[in-house]
Amino acid sequence: MAPRVLMVAEKPSIALSIASELSNGRMSTRRGSTDVHEFDGLFQGYHAHFRVTSVIGHVFSVDFPSKYQNWEATDPVDLFHAPIVKLESNPKVHICRHLSQEARGCTYLVLWLDCDREGENICHEVIQCTGFSENETGDRILRARFSSVTEKDILVAMENLVKPNKDEALAVDARQEIDLKVGVAFTRFQTRYFQGKYGNLDSRVISYGPCQTPTLGFCVQRSMQIMTFKPEIFWSFSPSVMKDGYDLHLEWDRNKVFDHDVAAMFQKLVLDHNYVEVTGMSKKEETKGRPCGLNTVNLLKVASSALGLGPHTSMQLAERLYTQGFISYPRTESTAYPASFDFKSVLVAQQANPFWGNHVRILLAQGFHKPRIGSDAGDHPPITPMRAATEEMLGNDTWRLYQYICQHFIGTVSPDCKYTRTKVEFIAGGELFHCVGQHVSTKGFTSIMPWMAVDEKNLPEFTKGEKIKILKVDLQEGRTAPPDYLSESELISLMEKHGIGTDASISVHINNICERNYVQVNSGRRLVPTALGTTLIRGYQCIDVDLCLPDIRSFIEHQITLIAKGKVKHVHVVQHVLQQFKQKFSYFIKKIENMDALFEAQFSTLAESGRLLSKCGKCTRYMKFISTQPARLYCISCEEVYHLPQNGSIKLYKELTCPLDGFELVLFSMSGSDGKSFPLCPYCYNCPPFEGIDTLFGAMKLGNSAKLGKGAGMPCFLCPHPTCRHSVITQGVCACPECSGTLVLDPVSSPKWRLYCNTCNCMVSLPQGAHRISTTGKKCPDCDSSIIEVDFNKKTTPLPDGATLYSGCILCDELLHSLIEMKHGKSFFRRGRGRGRGRGRGGRGRTRGGSKHEDPKMSFRDF
DNA sequence: GCAAGGTC
């Protein structure tokens with residue numbers, strides 16, 4: 001039998017292209033976690049059967065084991081030495097299982113992952129999943145190196161298969177571990193420290209990261225420049241002359257001076273002279289070059305500055321354009337096209353467009369240019385329109401982005417813009433002046449990208465030595481102005497320059513600092529730091545400025561490059577870098593009061609924030625409800641914080657108290673029209689009094705046990721108290737038909753009475769418009785559900801003779817069963833006794849010079 | 001509730 005060859009690409013679209021090229025389109029495709037394309041062909045000169053499939057980016061991502069997931073129980077400093085685990089990035093898609101199945105019976109594995117470090121790392125993830133042995137690399141495991149998905153590159157790569165590069169893969173492993181440990185340790189520490197003290201921070205988490213923090217640093221740096229800016233007064237003047245009907249204001253070669261008397265003296269010299277004399281004229285042919293191909297960073301910059309679309313939105317829109325086939329792959333660093341690129345067919349696809357079709361047809365008829373040489377990062381070709389589209393097909397914002405991509409592409413193959421620049425120079429009273437004219441001879445690409453056009457400025461003819469009368473020389477006073485807040489587009493440039501983030505992640509980091517409430521996007525998409533953002537950066541600056549400088553990223557990159565080049569072992573680099581960061585972390589903790597002093601000046605303490613809401617069961621005083629994220633209760637006299645469920649509203653619940661601890665109950669209503677409402681006791685929610693409750697509201701679903709973290713806890717609907725009228729025992733009606741939970745009466749759902757499941761999102765609407773619906777404490781003899789009592793509305797009662805009171809089982813009683821309706825899920829059927837379905841409820845790190853007294857602030861620079 | 005990197 002011919003040997004089988006499994007080939008794996010980084011994304012489904014590449015697998016399709018590779019299979020199509022190698023099979024000449026004669027392949028069969030079947031579905032799986034990702035599509036699998038099969039065909040017969042030649043492999044290393046022999047007949048072989050090919051299977052081509054793909055992953056979807058990284059198969060795994062790193063995290064801490066569950067033991068370290070509890071914020072309260074883990075000391076962040078321990079994270080530096082904690083083990084890490086690799087978990088499937090997208091467990092639902094079962095990529096690992098898919099690869100393992102497809103690898104069965106295959107003799108060869110050919111890796112077609114993108115040709116960068118991340119791709120090399122994914123190669124090794126794939127090897128791991130397929131079950132091929134690592135020491136078969138170069139033998140049965142081969143790597144295809146290609147810089148574009150073109151016929152030529154694919155065939156050349158196939159003829160020149162190499163070994164996967166383990167060192168590059170290990171470099172990425174190192175980065176993952178360092179980023180995780182450093183980011184999570186700092187984030188947990190500062191979140192707990194500041195959220196435990198201040199009530200109006202308005203951020204659910206106060207995060208730190210080697211990309212997001214320097215990104216914020218750029219924004220704060222600019223705003224500090226603005227705040228400390230001292231305006232200066234300056235003076236200038238511009239003689240007015242009239243020539244052949246042109247009213248000209250000549251520019252002073254000195255531009256401006258900062259001393260009034262000096263300016264006035266110059267002005268007088270010029271005024272006294274009465275005329276200006278032409279001292280010279282020059283004419284120069286200038287060229288404004290057509291653009292290179294469009295890469296992600298440049299697209300994001302234009303989208304932000306010219307289209308008013310944020311990077312995050314732009315990437316989402318671009319992603320949609322890509323998946324629908326309107327543009328090529330939108331995440332690329334390259335601005336150069338491969339030599340074989342077919343520009344003509346791209347143009348042909350655009351020639352019917354009502355806006356730019358004409359320009360395209362002229363290019364096709366008269367010959368188009370190749371784009372200016374850009375840089376080839378070896379990833380994907382520049383972002384290029386693929387299919388023609390109309391505004392109706394895409395919708396407004398997507399259309400505007402597509403429109404730009406088209407205009408840019410057509411610009412790249414259009415002629416350069418050519419113009420003549422004329423400069424005329426003058427003298428008066430010893431002072432020099434000039435004026436400039438521009439005349440466009442070839443509009444070129446600027447006719448399709450009009451915002452790049454060169455202004456036409458006509459000047460009259462002058463002759464050397466000519467003297468022209470000065471009409472007016474007014475002294476003008478001006479003021480230097482501070483720079484504006486950093487624009488998104490400027491921020492993207494800074495990030496690119498300092499190597500912060502990648503084409504795929506730059507927008508994520510910017511989005512992060514917005515979502516964490518560190519910056520706000522103001523008009524003109526300028527980023528204004530909030531008090532929180534500014535205070536954080538100022539804090540890092542006074543404790544350890546390295547923490548927020550951009551070189552923290554380049555430091556890490558530099559270190560892991562040593563691994564990628566095979567110069568230092570992975571384990572040594574990781575240990576060394578983590579050791580340094582651990583020192584920085586310890587120093588940060590030690591000096592946190594310096595940062596705290598800044599917080600104190602800016603924010604109010606928990607005691608000063610919030611409004612009085614409900615009584616504490618311990619001291620019987622009112623506790624404060626702090627509504628800013630994360631919403632919580634704070635007892636001033638006990639100095640205790642009680643976490644609450646998030647993303648909803650909290651109010652006092654009828655001044656009822658919990659029979660267990662005397663805390664007043666509060667009512668939480670989830671946001672959204674179908675949002676559940678439920679009561680909870682603040683104390684029980686945070687410290688569930690009964691053992692064996694492993695389903696907590698809002699808890700992470702990890703293994704079988706729920707974790708009691710912030711925002712997770714036991715509301716009354718999970719409470720097994722036998723007699724309290726809010727517990728699941730008294731309010732529960734029947735087993736949930738969709739999961740192992742219980743359907744509970746929503747106590748405040750009147751008049752749209754309903755039951756909701758205390759575990760999943762299943763909901764059941766009860767007879768509508770009833771005055772009252774309550775549980776009775778009696779059980780249905782047939783199905784063990786709770787008998788409910790309904791007090792129907794007099795006008796709408798379904799009962800004979802206008803009777804209103806009725807009780808029964810919603811499953812067994814015909815009348816009640818006919819009045820209920822399942823909201824989420826397929827069917828609501830009667831089930832037997834028991835709830836048996838589904839899951840049960842249930843160092844040898846190298847330190848430089850061996851010195852223990854290194855100042856951790858300085859440990860990066862001189863490495 | 002945490003990082004940054006792939007991709008959707």
Side-chain angles (χ1 to χ4, degrees), chain A residues 9-15 33-34 54-64 68-72 74 76 79 82 84 86 88-90 92-93 95 113-114 116-123 125-126 169 171-192 195 203-215 315-316 318-324 329-331 379-380 495 499-509 511-513 515-516 552-553 556-557 560 581 629-632 643 645-647 698-700 707-712:
Chain A
E10 190 155 324
K11 40 189 168 283
S13 61
I14 305 258
S33 295
T34 53
S54 75
V55 292
I56 312 167
H58 274 287
V59 183
F60 300 107
S61 53
V62 291
D63 204 346
F64 294 108
Y68 293 85
Q69 296 289 355
N70 188 326
W71 289 45
E72 319 298 317
T74 308
L79 296 173
I84 52 168
K86 283 202 169 198
E88 267 200 79
S89 304
N90 199 344
K92 286 182 193 156
V93 188
I95 291 291
L113 284 304
D114 291 1
D116 52 20
R117 263 185 212 168
E118 297 296 331
E120 219 57 49
N121 187 268
I122 303 176
C123 282
E125 295 182 336
V126 170
V172 171
D173 278 348
R175 186 201 40 76
Q176 290 176 342
E177 180 168 355
I178 294 164
D179 284 346
L180 174 75
K181 292 187 168 176
V182 173
V184 174
F186 276 91
T187 299
R188 286 195 192 170
F189 170 72
Q190 59 185 29
T191 302
R192 272 163 43 95
Q195 273 185 356
S203 182
R204 288 184 70 178
V205 53
I206 302 170
S207 57
Y208 174 86
C211 285
Q212 57 174 272
T213 304
T215 303
M315 282 315 286
Q316 286 174 333
E319 184 73 42
R320 200 180 313 154
L321 284 169
Y322 163 66
T323 48
Q324 294 176 355
Y329 192 66
R331 286 182 283 269
D379 48 359
H380 297 83
M495 292 173 76
I500 306 231
T502 65
D503 43 31
S505 70
I506 277 180
S507 68
V508 178
H509 300 309
N511 195 48
N512 260 341
I513 62 171
E515 286 200 332
R516 301 279 152 78
I552 203 151
R553 191 74 200 147
I556 296 174
E557 287 294 328
I560 65 162
F581 271 106
Q629 297 188 51
R632 66 216 121 136
H643 305 306
Q646 302 296 311
N647 302 324
M700 278 180 297
K707 291 274 180 290
L708 186 66
K710 251 186 208 177

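Throughout, a chain's letter reflects where its sequence line sits, starting with A, and its residues are numbered from 1. All figures in this text were calculated on a predicted structure; none of them were measured in a lab.
Heavy atoms of A/P210 sit under 4.0 angstrom from primed sugar atoms or phosphate atoms, though from no base atom. No contact: A/V508 has no heavy atom under 4.0 Å from any strand. As judged by a 4.0 angstrom heavy-atom cut-off over every strand, A/T502 is placed among residues touching the sugar-phosphate backbone only. Nucleic acid contact class of A/R553 (heavy atoms, under 4.0 Å, all strands): sugar-phosphate only. Within 4.0 Å (heavy atoms only), A/Y68 reaches no atom of the nucleic acid at all. Here A/D114 lies in heavy-atom contact (under 4.0 Å) with sugar-phosphate atoms only. No engagement by A/G119 is indicated, since no non-hydrogen atom pair under 4.0 Å with the nucleic acid exists.
The phosphate of B/dA3 (OP1 or OP2) has a side-chain N or O of A/Q212 nearer than 4.0 angstrom. Listed pair A/T323 / B/dC8 fails the phosphate criterion, with no side-chain N or O lying under 4.0 Å from OP1 or OP2. At the phosphate of B/dA3, OP1 or OP2 sits under 4.0 Å from a side-chain N or O atom of A/R516. In this model, the phosphate group of B/dG5 is approached by a side-chain N or O of A/H509 to a distance below 4.0 Å at OP1 or OP2. In this model, the phosphate group of B/dA3 is not approached by any side-chain N or O of A/Q176 to a distance below 4.0 Å at OP1 or OP2.
Protein atom CD1 of A/I513 is 15 Å distant from nucleotide atom C1' of B/dA4, rounded to whole Å. Look at CZ on A/R117: it is 17 Å from P on B/dA4, rounded to the nearest Å. Residue A/E515 contributes atom CD, which lies 13 Å from atom C1' of B/dG1 at whole-angstrom precision. When the C1' atom of B/dG6 is taken as reference, atom CG of A/D503 falls 11 Å away, rounded to whole Å. The interatomic distance linking A/D63 (CG) with B/dA4 (C1') rounds to 12 Å, in whole Å. In this structure, A/N511 atom CG and B/dA4 atom P are separated by 13 Å, rounded to whole Å.
Ionic pairing of A/R117 and A/D173 is not present here: no N-O contact between side-chain nitrogen and carboxylate oxygen is shorter than 4.0 angstrom. Between A/R553 and A/D179 there is a salt bridge, with a side-chain nitrogen of the basic residue lying less than 4.0 Å from a carboxylate oxygen of the acidic one. Salt-bridge check for A/R175 with A/E118: passed, with a basic side-chain N closer than 4.0 Å to an acidic carboxylate O.
The A/D179 side chain lies nearest to B/dA4 when the options are B/dA4, B/dT7, B/dG1. Across B/dG1, B/dG5, B/dC8, the shortest atom-to-atom separation from the side chain of A/Y329 is found for B/dC8. Distance from the side chain of A/C211 is smallest for B/dA4 among the nucleotides B/dC2, B/dC8, B/dA4. The side chain of A/W71 sits closest to B/dG1 out of B/dA3, B/dG1, B/dT7. Looking at the side chain of A/R175, the nearest of the listed nucleotides B/dG6, B/dT7, B/dA4 is B/dA4. The side chain of A/E72 sits closest to B/dG1 out of B/dC2, B/dG5, B/dG1. With distances taken from any side-chain atom of A/H58 to the nucleotides B/dG1, B/dA4, B/dG5, the minimum falls on B/dG5.
Between A/Y208 and A/V59, the residue anchored closer to the 5' end of DNA chain B is A/Y208, taking for each the nucleotide with the nearest heavy atom. Ranked by how close their nearest DNA chain B nucleotide is to the 5' end, A/G209 and A/R331 are led by A/G209.
A cation-pi arrangement is found for A/K11 relative to A/Y329, the charged atom lying closer than 6.0 Å to the ring centre and inside a 45° cone about the ring normal.
Here the closest heavy-atom approach between residue A/P76 and residue A/R188 is recorded as CG-CB, 4.4 Å.
For A/T34, the side-chain contact (heavy atoms from CB on, under 4.5 Å) test picks out A/P12, A/T53, A/S54, A/I56, A/I95, A/H98, with sequence neighbours left out.
The CD1 atom of A/I500 lies 10.0 Å from the CD atom of A/E557; values are rounded to the nearest 0.5 Å.
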